[in-house]
Amino acid sequence: MGSIIKRDCVRCGTRSVQLSAIGYSHHGDGKWEIAFACNNCSQISIYRVTSGMNLPQNNNLNFDARNGVFCEQEAILNVAKAPILDPAIPGNIAAIFDQAAKCRRLEMPDAAGAMFRKTIDISTKAVFAIDPRLADKKPAEALRVRIKALGQFKVLEEDIVELADVVAVDGNDAAHDVDPYTPEEAEALEELTVDLLDRIFVRPARIAAVRAKQIVAGQRKE
């Protein structure tokens with residue numbers, strides 16, 4: 001078709017990139033579905049397009065500059081891949097995070113925020129299950145109380161406790177606040193959640209691996 005629009009690509013994340021139409025289907029009454037390929041990553045996104053024109057006969061159109069042409073992203077067909085997490089993060093936690101990240105990319109920020117909160121909820125319970133210093137401790141039901149306890153037991157450093165609390169409060173807003181959670185808030189919460197998972201699981205695993213290597217080499221005693 002040769003026609004274009006300029007949008008953020010949900011497949012690769014490039015902002016305001018040109019998308020080129022490569023195919024279409026017509027559903028009657030001026031309703032079309034058009035497949036656009038990103039000029040940056042070449043991956044395809046599907047848009048619902050409303051236009052009274054016969055689009056195949058009007059090649060090389062800039063839909064953004066045409067009056068009477070409405071383009072709406074078909075989100076269900078545009079699920080971008082969630083960030084790949086480090087293997088040190090337990091699989092059940094990574095799976096919950098993956099749901100949250102996909103919800104954000106499907107433009108469902110409230111659902112994403114609630115699932116990011118659940119990611120932290122499950123993560124802080126996991127710490128109680130795997131850290132020998134907490135063998136005789138039972139995690140509190142309330143997330144923020146549990147986070148505070150992990151700081152008091154010196155399992156998490158103070159800056160991590162503060163970070164986890166920020167995520168918990170923001171996730172609560174997504175789940176319970178009357179006002180809609182915004183895409184920008186969901187994006188920021190995803191970044192905080194990734195940082196927190198890195199601090200809780202990834203960095204300790206890397207330190208443990210280096211420590212084990214040093215013990216084997218005789219550079220450190222157990």
Side-chain angles (χ1 to χ4, degrees), residues 1-85 94-119 166-167 169-195:
M1 294 177 62
S3 300
I4 64 168
I5 56 174
K6 201 169 187 179
R7 296 286 193 279
D8 295 346
C9 178
V10 298
R11 308 302 300 276
C12 68
T14 303
R15 300 283 189 179
S16 191
V17 66
Q18 183 172 295
L19 308 177
S20 299
I22 60 172
Y24 69 92
S25 62
H26 186 210
H27 299 283
D29 298 323
K31 305 294 184 182
W32 308 75
E33 283 190 358
I34 301 180
F36 290 91
C38 172
N39 282 17
N40 180 61
C41 69
S42 299
Q43 296 187 81
I44 295 173
S45 298
I46 308 297
Y47 281 76
R48 293 187 296 269
V49 177
T50 303
S51 172
M53 294 184 294
N54 187 330
L55 298 183
Q57 295 180 3
N58 291 271
N59 291 329
N60 302 312
L61 293 176
N62 181 348
F63 288 130
D64 289 329
R66 298 286 305 191
N67 293 325
V69 177
F70 175 71
C71 298
E72 178 185 16
Q73 190 175 67
E74 179 58 71
I76 198 71
L77 299 177
N78 289 285
V79 182
K81 291 183 179 179
I84 298 175
L85 299 180
I96 295 169
F97 174 86
D98 186 69
Q99 290 184 50
K102 286 181 177 177
C103 283
R104 186 178 80 77
R105 286 154 180 78
L106 284 169
E107 300 180 0
M108 296 187 290
D110 290 281
M115 291 302 290
F116 285 132
R117 183 194 182 280
K118 183 175 181 179
T119 302
V166 169
V167 174
V169 171
D170 222 46
N172 282 340
D173 288 345
H176 304 296
D177 200 4
V178 174
D179 295 327
Y181 205 58
T182 68
E184 292 76 19
E185 288 173 320
E187 182 176 7
L189 188 57
E190 177 177 313
E191 293 174 356
L192 288 172
T193 303
V194 170
D195 188 17

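Any value given below was found using the heavy atoms of this structure, including those in side chains, with hydrogens, waters and symmetry copies removed. Because the structure is a prediction, the values reported are computed rather than measured.
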Using the side-chain contact (heavy atoms from CB on, under 4.5 Å) criterion, which residues pair with [X]? Sequence neighbours excluded.
{"X": "Glu184", "result": "Thr182"}
{"X": "Cys71", "result": "Ile5, Arg7, Tyr47, Val49, Phe63, Val69"}
{"X": "Ser20", "result": "Ile4, Gln18, Asn39"}
{"X": "Leu192", "result": "Leu163, Val166, Val167"}

I want to check something: taking the side chain as every heavy atom from C-beta on, are [X] and [Y] in contact at a cut-off of under 4.5 Å?
{"X": "Ser16", "Y": "Asp8", "result": "yes"}
{"X": "Thr193", "Y": "Phe97", "result": "yes"}
{"X": "Gln99", "Y": "Lys118", "result": "no"}
{"X": "Glu190", "Y": "Arg105", "result": "yes"}

Pairwise distance [atom1]([X]) to [atom2]([Y]) - rounded to 0.5 angstrom:
{"X": "Trp32", "Y": "Thr50", "atom1": "CH2", "atom2": "OG1", "result": "11.5 Å"}
{"X": "Glu107", "Y": "Asp110", "atom1": "CD", "atom2": "CG", "result": "13.0 Å"}
{"X": "Cys9", "Y": "Ile44", "atom1": "SG", "atom2": "CD1", "result": "11.0 Å"}
{"X": "Ile34", "Y": "Ser45", "atom1": "CD1", "atom2": "OG", "result": "13.0 Å"}
{"X": "Met53", "Y": "Ser3", "atom1": "CE", "atom2": "OG", "result": "7.5 Å"}
{"X": "Gln43", "Y": "Leu19", "atom1": "CD", "atom2": "CG", "result": "11.5 Å"}

Item checked: Residues that Ser25 engages under side chain to side chain donor-acceptor pair (under 3.5 Å), provided they are two or more places apart ->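 Side chain to side chain donor-acceptor pair (under 3.5 Å) check on Ser25 returns His27.
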Check: In chain order, what residues pass the side chain to side chain donor-acceptor pair (under 3.5 Å) check against Asn62, with sequence neighbours excluded?
Finding: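 Counting only residues at least two positions away or on another chain, Asn62 forms no side chain to side chain donor-acceptor pair (under 3.5 Å).
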Notebook entry, point to check: Quick one: salt bridge (Lys or Arg N to Asp or Glu O under 4.0 Å) partners of Glu187, sequence neighbours excluded?
Noted result: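 Listed in chain order: Arg15.
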Next item on the list: May I ask you to decide if Asn54's main-chain N or O and Asn58's side chain share a donor-acceptor pair within less than 3.5 Å?
Entry: yes
Next item on the list: Determine the minimum heavy-atom distance between Cys103 and Ala111, stating which atoms define it.
Entry: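 Heavy atoms of Cys103 and Ala111 come nearest at SG-CB, 4.0 Å.
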Checklist line | Contact summary for Asp64 and Lys6, nearest pair of heavy atoms | finding: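 Asp64 and Lys6 have their closest heavy atoms at OD2-N, 2.6 Å.
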